Asker: 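The structure follows.
These figures come from a predicted structure and were not determined experimentally.
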Amino acid sequence: MRAVVFLGEGKLDLREVPDPVPAPDEVVIRVKASGMCGSDLHHLHGPRRTGAELVIEGHEPCGVVELVGDAVRPSEATVGDRVMVHHYDGCRTCRYCRSGWTQYCPNARTVYGGLNGDGGHADFMKVPAHTLIRLPDELSFKTGAAISCGTGTAFGAIKRVGLSADETVAVFGQGPVGLSVTLLAKAFGARVIAVDVEPSRLEMAKKFGADHVIDAREQDSVVAVRELTRDGGADKSIECSANATVRRQAVQALRQWGTACMVGVFGTIELDSEELIQLQKTVVGSLTFSKNLQEECALFVAERGLDVESLFTDEFRLDEAERAYELFGRREIGKGVFVFD
């Protein structure tokens, strides 16, 4: 089969590798869609990789079960099932694995698609059966791919802050995760203020239901949010840019007793103690989602008919991977997805 491997230092390779064969507790899925994620660029442009470090990329896979191991129960998977993948494995016995938060396993953590397990930028992908999440019939494979990382991460952040329909949420950063927050938060019934510095992203935020958009190049985003909220700030804010300045603004834009969620990975967080102590604000972090939350997100999207698929601005075939990541790295496209026959 064909598979995309990142070599580091900005280089990738499309190579032929043997088709995977499932162990007794594993399945092989025929990949139908595999999303591109901003975190891919950290792997692509990281240090040079060799040997066992070379794994197949793609941690937003979605497809159809092709092969099933001998020990896999029909309740877990059968050939032909439409599935997403919760792209983590662990020891399967610790409290994190048992609760569905496998990414926190301290004993034997595997992250499929870029870290230490083969991912979905390939014709086929082999995973343990327990990682599968059924894809509702109403949802496309591309929608399932989005939910498998970016949109699922947005859903997890909304749950983390306990967003209510009577609240205002300011969403800082309107990349794929931020746009997903905007779309989902609006479906939750909340009033949404979207903040970014790129007009094209702000236009997308409007299409995704934002009640107000703020161009942070043209105006002070903190002042603007406060002017839009009579009580002097948003009830909740969700920060999706990983920019230290924006993280600070996401806290400053809150009302007293408000809650900010930090989603963008890497970088630093520097806050004035007055924001947390005198104004009694809460700052939380949110990392992806559990298996249960991924399933809950898929059902939420299906039941409300949300157009998650429109997050993807560009489609590619696997043999276009080099060009796709060049465009993605230069921000000449939004969110890309590899599609398969």
Side-chain angles (χ1 to χ4, degrees), residues 34-45 57-60 113-114 142-143 145-158 160-161 169-187 192-210 212-217 221 225 236-250 253 260-267 269 285-289 297 301 306-316 324-338:
S34 185
M36 298 168 64
C37 178
S39 63
D40 294 351
L41 299 176
H42 295 282
H43 303 154
L44 177 62
H45 295 286
E57 285 296 321
H59 60 270
E60 295 187 355
K142 289 194 290 185
T143 297
I147 292 170
S148 295
C149 185
T151 301
T153 294
F155 189 81
I158 288 172
R160 187 83 168 91
V161 299
V169 58
V171 186
F172 286 79
Q174 293 296 303
V177 175
L179 286 170
S180 293
V181 174
T182 294
L183 176 67
L184 295 169
K186 193 61 186 173
V192 181
I193 301 172
V195 184
D196 206 286
V197 295
E198 292 191 14
S200 61
R201 290 186 170 187
L202 292 173
E203 283 300 315
M204 287 193 70
K206 291 179 184 177
K207 294 178 182 178
F208 275 52
H212 304 278
V213 297
I214 296 171
D215 187 336
R217 299 175 308 168
S221 58
V225 170
K236 307 287 171 57
S237 66
I238 298 178
E239 193 286 314
C240 305
S241 73
N243 180 288
T245 299
V246 177
R247 284 170 168 162
R248 185 168 58 252
Q249 292 169 342
C261 183
M262 304 295 160
V263 178
V265 294
F266 308 115
I269 301 175
S286 184
L287 176 68
T288 59
F289 42 83
C297 179
V301 170
L306 302 182
D307 186 15
V308 168
E309 184 175 322
S310 62
L311 281 169
F312 294 108
T313 61
D314 295 84
E315 290 184 5
F316 299 96
Y325 275 104
E326 284 179 0
L327 294 173
F328 192 41
R330 295 198 300 261
R331 300 184 73 171
E332 293 182 18
I333 61 172
K335 186 173 179 64
V337 60
F338 293 104

Asker: Donor-acceptor check, side chain of R201 to backbone of G173, threshold 3.5 angstrom: yes or no?
Answerer: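 No: the side chain of R201 does not pair with the backbone of G173.
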
Asker: Looking only at heavy atoms, which two atoms of A145 and F312 are closest? And how far apart?
Answerer: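 Looking at all heavy atoms of both residues, the closest pair is CB-CZ, 4.5 Å.
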
Asker: Would you please name every residue forming a side chain to side chain donor-acceptor pair (under 3.5 Å) with D314, sequence neighbours left out?
Answerer: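 D314: no side chain to side chain donor-acceptor pair (under 3.5 Å) contacts found.
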
Asker: Can you measure from CG (L202) to CG (L179) and round to the nearest 0.5 angstrom?
Answerer: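 Going from CG on L202 over to CG on L179, the span is 9.0 Å.
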
Asker: State, to 0.1 Å, how close C37 and C149 come at their nearest heavy-atom pair, and which atoms those are.
Answerer: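 Of all heavy-atom pairs spanning C37 and C149, the closest is SG-SG, 4.1 Å.
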
Asker: Would you say the side chain of M262 lies within less than 4.5 Å of the side chain of R247, judging by non-hydrogen atoms?
Answerer: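 Yes. Closest side-chain heavy atoms under 4.5 Å.
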
Asker: Can you measure from NZ (K142) to CG (L311) and round to the nearest 0.5 angstrom?
Answerer: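 The CG atom of L311 is 11.0 Å from NZ of K142, to the nearest 0.5 Å.
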
Asker: Indicate the atoms forming the closest heavy-atom contact of A194 with T182, along with that distance.
Answerer: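 Scanning both residues completely, I find the closest heavy atoms to be CB-OG1, 4.3 Å.
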
Asker: My understanding is that only one of V181, V161, I158, V169 makes a side-chain contact (heavy atoms from CB on, under 4.5 Å) with C261; could you say which?
Answerer: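 The single option meeting the side-chain contact (heavy atoms from CB on, under 4.5 Å) with C261 is V161.
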
Asker: Looking at CZ of F172 and OG of S221, how far apart are the two atoms once the value is rounded to the nearest 0.5 Å?
Answerer: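 If I round to the nearest 0.5 Å, the distance is 4.5 Å.
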
Asker: Could you measure the distance from the CG atom of L306 to the CZ atom of F208? Nearest 0.5 Å is fine.
Answerer: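 So the gap between those two atoms works out to 10.0 Å.
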
Asker: Got a list of side-chain donor-acceptor pairs under 3.5 Å for residues 327-334, not counting sequence neighbours?
Answerer:
from, atom 1, to, atom 2, distance (Å)
R330, NE, E332, OE2, 2.7
R331, NH2, E198, OE2, 3.0

Asker: Taking all atoms of both residues into account, what is the closest heavy-atom pair of D40 and H59, and its distance?
Answerer: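 Scanning both residues, the minimum pair turns out to be OD1-CE1, 3.2 Å.
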
Asker: Nearest 0.5 angstrom please: L183 CG to K207 NZ, how far?
Answerer: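 Output value for this atom pair is 13.5 Å.
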
Asker: Nearest 0.5 Å, what's the CG-OG1 distance between D307 and T143?
Answerer: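 It is 7.0 Å, given to the nearest 0.5 Å.
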
Asker: Of all heavy-atom pairs between V246 and E239, which one has the smallest distance, and what is that distance?
Answerer: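 Closest approach of V246 to E239: CG1-OE2, 3.8 Å.
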
Asker: Is the backbone of M36 close enough, under 3.5 Å, to the side chain of K335 for a donor and an acceptor to pair up by distance?
Answerer: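 Indeed, once roles are kept as given, a pair shorter than 3.5 Å links the two residues.
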
Asker: Over all heavy atoms of both residues, which pair between T151 and V308 is shortest? Give the atoms and the distance, please.
Answerer: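 Residues T151 and V308, closest heavy atoms: OG1-CG1, 3.6 Å.
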
Asker: Contact between V301 and L184 at the side-chain level, heavy atoms closer than 4.5 Å - yes or no?
Answerer: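 In short, these two side chains touch, coming nearer than 4.5 Å.
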
